[in-house]
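Just so you know, ligand 1 is whichever comes first in the structure, and atom 1 is the first atom listed for that ligand.
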Amino acid sequence: MSSVVVNALSFDIEDWFHLVGIASLADARAWDAMPSLVVERTDQILGILDDRRVRATFFILGWVADRHPDLVRRIGDRGHEIASHGYWHQPVYAQSPEAFREDVTRSLEAIGAAWDGPVAGYRAPTFSITPEAEWAFDVLADLGFRYDASRFPGRRAHGGAVCPDDPHRVRGPGGGELAELPMSVERLPGASVCYSGGGYLRLLPLPLIRMGFRRAHRRGRPVVVYLHPRDLAPDCPRAPMPPIRRFKSYVGLASTERKLRALLDEHRFDTCLAVLESAGVLASPEEVAA
Ligand SMILES: [Zn+2]
């Protein structure tokens with residue numbers, strides 16, 4: 001172990017066709033007829049975590065939970081944390097507060113039909129709780145969530161926030177409060193760069209990812225890792241999209257498992273909830289109920 005900082009390991013459980021902003025995938029009525037990789041690749045993730053005896057947080061899309069309740073149970077039965085990734089995978093800032101509440105509630109119902117444990121955490125599709133969408137914190141607090149993991153401290157397509165890099169408390173304009181686990185970024189002059197999740201983790205060579213971990217740990221800061229089942233699927237179907245988006249969506253798929261296993265060997269990981277607990281930013285369940 002090169003470090004005593006415990007990092008947060010997370011997976012957003014959705015299928016390859018849940019990419020945001022791709023016209024040919026936007027019609028949800030077509031999803032059921034598409035080939036699916038979410039079960040096979042999530043089981044692959046569970047196998048890797050079994051090997052390394054590591055717990056993680058699974059932000060599960062309600063749409064997936066409805067279709068694969070056995071998968072939700074397999075995740076929960078292994079002691080991993082089950083959390084919500086919403087239902088339809090729409091950016092939060094593109095929804096009204098009412099539609100967002102409906103979407104998240106439906107995801108909780110779908111997860112709840114398969115798994116009767118508590119759901120404490122939420123992550124928005126594409127880190128889309130932007131400064132204009134912070135009303136979402138009011139909705140999440142009202143629905144009983146203890147934390148959010150949707151803030152990306154920098155610019156990105158379909159998301160991005162202005163916020164501290166460390167775990168912190170957030171408060172919506174209506175006063176709703178909860179803990180926040182922001183995505184990890186490295187601050188470079190003029191830009192915040194992600195290195196520990198999704199396309200960034202697939203694209204960057206391991207030495208650069210390791211440097212990001214070292215720099216975060218020097219500040220005593222946990223690193224948040226996030227991946228999707230499709231990130232481990234070299235056979236992931238390719239949807240028609242502009243070349244730059246195509247590169248970002250599919251670069252490095254064959255290297256993801258090797259990088260993930262290396263990071264699991266080199267660092268300590270736990271669930272998002274456990275990391276926030278250690279950071280001291282979670283309210284107790286009693287305080288939430290009060
Ligand atoms: Zn997602």
**Request:** Would you mind checking if R41 and E257 are paired as a salt bridge, meaning a charged N to carboxylate O distance below 4.0 Å?
**Result:** no

**Request:** Mind telling me whether H18 and H89 have parallel, tilted or perpendicular rings, with 30° and 60° as the class edges?
**Result:** tilted

**Message:** Under 2.8 Å from the Zn ion (ligand 1), is there any N, O or S atom belonging to H228?
**Reply:** no

**Prompt:** Hey, is the Zn ion (ligand 1) within less than 2.8 Å of some N/O/S atom on H85?
**Reply:** yes

**Request:** Could you tell me whether Y226 and H228 have their ring centroids closer than 6.0 angstrom?
**Result:** yes

**Asked** For the ring pair F11 and F58, is the centre-to-centre distance below 6.0 Å?
**Response** yes

**Prompt:** In E14, what N, O or S atom is nearest to the Zn ion (ligand 1), if we give its atom name?
**Reply:** OE1

